[in-house]
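Remarks on the structure that follows.
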Protein chains: 2
Amino acid sequence: MGEERKIPKPTIKRLAVYYRCLSEMISEGKMYVSSKELAKKLKIKSSQVRKDLSYFGEFGKRGVGYNVRSLATELRKILGIDRRWRVVIVGAGNLGRAIANYPGLYRNRFDVVAIFDKDPSKFGLVIGAAGPVRPMEELESVVKSKKVEIGVIAVPAQAAQDVVEQLVKAGVKGIVNFAPVTLHVPGNVIVEDVDITVLFKAITFHLRKRP
Amino acid sequence: MGEERKIPKPTIKRLAVYYRCLSEMISEGKMYVSSKELAKKLKIKSSQVRKDLSYFGEFGKRGVGYNVRSLATELRKILGIDRRWRVVIVGAGNLGRAIANYPGLYRNRFDVVAIFDKDPSKFGLVIGAAGPVRPMEELESVVKSKKVEIGVIAVPAQAAQDVVEQLVKAGVKGIVNFAPVTLHVPGNVIVEDVDITVLFKAITFHLRKRP
DNA sequence: TAGATTGTTAATCGATTAACAATC
DNA sequence: TAGATTGTTAATCGATTAACAATC
């Protein structure tokens, strides 16, 4: 058995945030950055930055900091975005179309290669690079032929579990779920949930009962 | 000083998820639910459910479970959604418009009362109940006159900090941030961040280097 | 060299879970 | 009553932070 140090889950998302920050710095022409600087920008502790990176190797120079470009390159490898990934979106409502058109995805190496809906009145409508809205019947064949790895759920809650099963059957291994339900998937499939209304409630929890 | 038990941050989001689950059960006509049932549905431990609720009171009946409707009522109070909240959206691109039209917000007691953009070609375009896209110049007066408590940032990263400052100046106390930047706000303002590309990278982190 | 900053250890802090007496 | 399930305590587990020797 390979001894594998366990990575805290929050670390993974912070690595993605470090990467975002480094990308900015690259475009500003910055050459080196210290854990202290990075931490300040992200409102965390510098020891947190160093610890997060230490799970994966030694990337800095003592007394100097981190080379911005080479740390960005390392983070791309760690996060798996040293190559492009193919994505399909299920649900061509407002949210599905917004995600299909979100420029941040392409820039961060995610290619939305198709979008699906069950509503025939939407079929054929072209959604940016994702192409025409396709019927659900084509999901499996498109996922397989285009070697799609990631699916996005942008359908109403009651349709979500059914869609997930179709995605999993077609061979998708990662799912970004915008539907307000807890999905059931096989153990080898990774799910990230975003429930927009939950975010709002986390805010009102703190704002409630103020003057 | 009032002795106040500290609430774990993850607890707050789980409460919102319990509420979501209970809402479903209400519409299914279910009268009682146990922590075990709720836990199973959400893929967590039943002791987690009970502990989360215990921070706020005793809501169950031993041997029986929780009354679905009354627990939902309690959670509404805890989460602050025993009344409606007013929201403005800044940025009338694909994402801003999708959020303005998201039916889950209205259903969960959030009213999107206005939407803003800096692009004059969008002014006047009507976005559902949010009404016409308005110029940024109107932000402060609308927030004040409509007593808006929550702002949504749906603008590009480089514009986000500036927008935040306008929202805070106008009196907004909670912000849902979709822009890929870390915002700087006064201590009394609550921010919830969602970076969509970070979610995708959390997935590729796990999928990287598989066959 | 002197100053700065890393990588890592150990301590602390925070969150989850098991276990069980209380009680419906 | 017997069976079920709560509310809570204490133990465990996981994540963050301070501190500092190593070293650029």
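Everything numeric in this text was worked out from a predicted model, so none of it was measured. Every chain is numbered from 1, with letters handed out A, B, ... down the list of sequences.
Within residues 15-26 of chain A, no residue approaches DNA chain D, by heavy-atom distance under 4.0 Å. Contacts of residues 40-58 of chain A with DNA chain D (heavy atom under 4.0 Å): A/Lys45, A/Ser47, A/Gln48, A/Arg50, A/Lys51.
Looking at heavy atoms from C-beta onward, B/Val148 lies out of side-chain contact with B/Leu167 at the 4.5 angstrom threshold. B/Tyr18 places a side-chain heavy atom less than 4.5 Å from the side chain of B/Arg14. By the 4.5 Å heavy-atom criterion applied to side chains, A/Val17 and B/Asp195 are not counted as neighbours. Considering only heavy atoms from C-beta on, A/Leu105 comes within 4.5 Å of A/Ile99 through its side chain.
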Pairs under 3.5 Å (Watson-Crick or G-U), crossing ones as [ ], inter-strand ones as |: DNA chain C comes out as ..||||||||||||||||||||||
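Aromatic rings of B/Phe59 and B/Tyr66 (six-membered ring for Trp) have centroids beyond the 6.0 Å cut-off, not under it.
For the side chain to side chain contact (heavy atoms under 4.5 Å, CB included) criterion with A/Tyr55, the lone passing option out of A/Ile78, A/Ile12, A/Leu15, A/Ile7 is A/Ile7.
Enclosure of atom CZ in A/Arg69 is not indicated, since only 12 or fewer non-hydrogen atoms of other residues, nucleotides or ligands lie within 6.0 angstrom.
B/Glu149 and B/Arg84 are not joined by a salt bridge, as no carboxylate oxygen comes within less than 4.0 angstrom of a charged side-chain nitrogen.
Partners of A/Lys51 according to the salt bridge (Lys or Arg N to Asp or Glu O under 4.0 Å) rule, which considers only residues two or more places apart in sequence or in another chain, do not exist here.
A/Arg76 places no side-chain N or O within donor-acceptor distance of the main-chain N or O of A/Ile81, the cut-off being under 3.5 Å.
For the pair A/Arg97 and A/Tyr102, the cation does not sit on the ring face, since its NZ or CZ is not both under 6.0 Å from the ring centre and inside 45° of the axis.
Close approach of DNA chain D to chain A, defined as any atom under 4.0 Å from a non-hydrogen atom of the protein, starts and stops at D/dA15 to D/dC24.
Sorted by first and then second residue, the side chain to side chain donor-acceptor pair (under 3.5 Å) pairs involving residues 28-38 of chain B (not counting sequence neighbours) are B/Lys30-B/Glu37, B/Ser35-B/Arg50.
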